[in-house]
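Sequence lines set the chain letters: A, B, ... in the order given, protein chains first and strands last, and positions in each chain run from 1.
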Protein chains: 2
Amino acid sequence: MATLNRPGAPEGHACGIDTAMEVIGGKWKVLILWALHEYPHRRFGELRRLVPGITEKVLASHLREMEADGIVRRVSYEEVPPRVEYSLTEDGQRLNTALEPLAAWGRERA
Amino acid sequence: MATLNRPGAPEGHACGIDTAMEVIGGKWKVLILWALHEYPHRRFGELRRLVPGITEKVLASHLREMEADGIVRRVSYEEVPPRVEYSLTEDGQRLNTALEPLAAWGRERA
DNA sequence: CTGTATCCTTGGGGATACTG
DNA sequence: CAGTATCCCCAAGGATACAG
């Protein structure tokens, strides 16, 4: 993404906020993150119920992207019927922690 | 926006992250926030230069929304040629502070 | 149960020109 | 200088059906 144009700045250490925004940019990603934090190791169907309104297609693609970004881990148990569990990676946990002040700011709004 | 479906939760205190995401949801908003934090009291044209790539239309509409959300203050000096200065409100400053851990998380990514 | 495959819609954002 | 006014576009999401 774009970065700031910082006249007279050291140049070489971006603000980093843009990087984070790309990762959590999807419409439901922070909600998924939050859900996985409060209810660890959820299955696909459980997540769908935890995040009301999301469609299967979008949940699936969001999970894929979050997995690719290294914040979500997907574990598939080869059973019938199929069982898949999603959880946060270490980086995902840290991201969630980093999100907490922002959540607090949101809560303080009337 | 949507909120989490939290079975067996106290119900009545949402996670708050969704609220914050709505406020910083625009494509360039965090960058504007950051710019206004590092270079307080900027004029329209200066902001345009600080956030390279943004168009006048989008900068204007983003600023309007951020003003409506109470995180940016717009002061117009009735002069010719016109002069307008944008700055962060108290709430905007607190939002920026709340964004810092997220920025740090982004910076730590390789 | 855990997803694809299709098709369709929308609005956020881009380009450009113009105005007080 | 500080913005509107238009027009346009496309990718992110939604709806629904189907599959292993």
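Here the C1' atom of nucleotide C:dG20 and the OH atom of B:Tyr77 are 21 Å apart, to the nearest Å. Here D:dG13 presents its P atom at 8 Å from NZ of A:Lys29, a figure rounded to the nearest Å. If you measure from atom CG of A:Leu59 to atom C1' of D:dG14, you get 14 Å, rounded to the nearest angstrom. Rounded to an integer number of Å, the gap from CD1 of B:Ile54 to P of C:dA15 is 12 Å. Atom CD of A:Glu65 is separated from atom P of D:dA12 by 8 Å (rounded to the nearest Å). Taking atom CD on A:Glu78 and atom P on D:dG20, their separation rounds to 16 Å, with Å as the unit. Note: CD1 (A:Ile32) to C1' (D:dG13) measures 13 Å, nearest angstrom.
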What nitrogen or oxygen pairs link the protein and nucleotides 1-3 of chain C at under 3.5 Å?
{"residue": "C:dC1", "atom": "O3'", "partner": "A:Arg43", "partner atom": "NH2", "Å": "3.1"}
{"residue": "C:dT2", "atom": "OP1", "partner": "A:Arg43", "partner atom": "NE", "Å": "2.9"}
{"residue": "C:dT2", "atom": "OP1", "partner": "A:Arg43", "partner atom": "NH2", "Å": "3.2"}
{"residue": "C:dT2", "atom": "OP2", "partner": "A:Gly45", "partner atom": "N", "Å": "3.0"}
{"residue": "C:dG3", "atom": "OP1", "partner": "A:Arg74", "partner atom": "NH1", "Å": "2.3"}
{"residue": "C:dG3", "atom": "OP2", "partner": "A:Tyr86", "partner atom": "OH", "Å": "2.7"}
{"residue": "C:dG3", "atom": "N7", "partner": "A:Glu56", "partner atom": "OE1", "Å": "3.3"}
{"residue": "C:dG3", "atom": "O6", "partner": "A:Glu56", "partner atom": "OE1", "Å": "2.9"}

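Contact check on B:Arg107 versus B:Glu100 returns a salt bridge, with a Lys/Arg side-chain nitrogen under 4.0 Å from an Asp/Glu carboxylate oxygen. Using a cut-off of 4.0 Å between Lys/Arg side-chain N and Asp/Glu carboxylate O, A:Glu22 and A:Lys29 are scored as not salt-bridged.
Here the closest heavy-atom approach between residue B:Trp28 and residue B:Pro52 is recorded as CZ3-O, 3.8 Å.
For A:Arg83, the side-chain hydrogen bond (donor to acceptor under 3.5 Å, both in side chains) test picks out A:Glu79, A:Glu85, with sequence neighbours left out.
A close approach under 4.0 Å does not occur between any side-chain nitrogen or oxygen of A:Lys57 and OP1 or OP2 of C:dT6. Regarding contacts with the backbone of C:dG13, a side-chain N or O of B:His62 is found under 4.0 angstrom from either OP1 or OP2.
A donor-acceptor contact shorter than 3.5 Å is absent between the side chain of B:Asp18 and the backbone of A:Leu31.
If you take CZ on A:Arg43 and CG on A:Leu50, they are separated by 13.0 Å, rounding to the nearest 0.5 Å.
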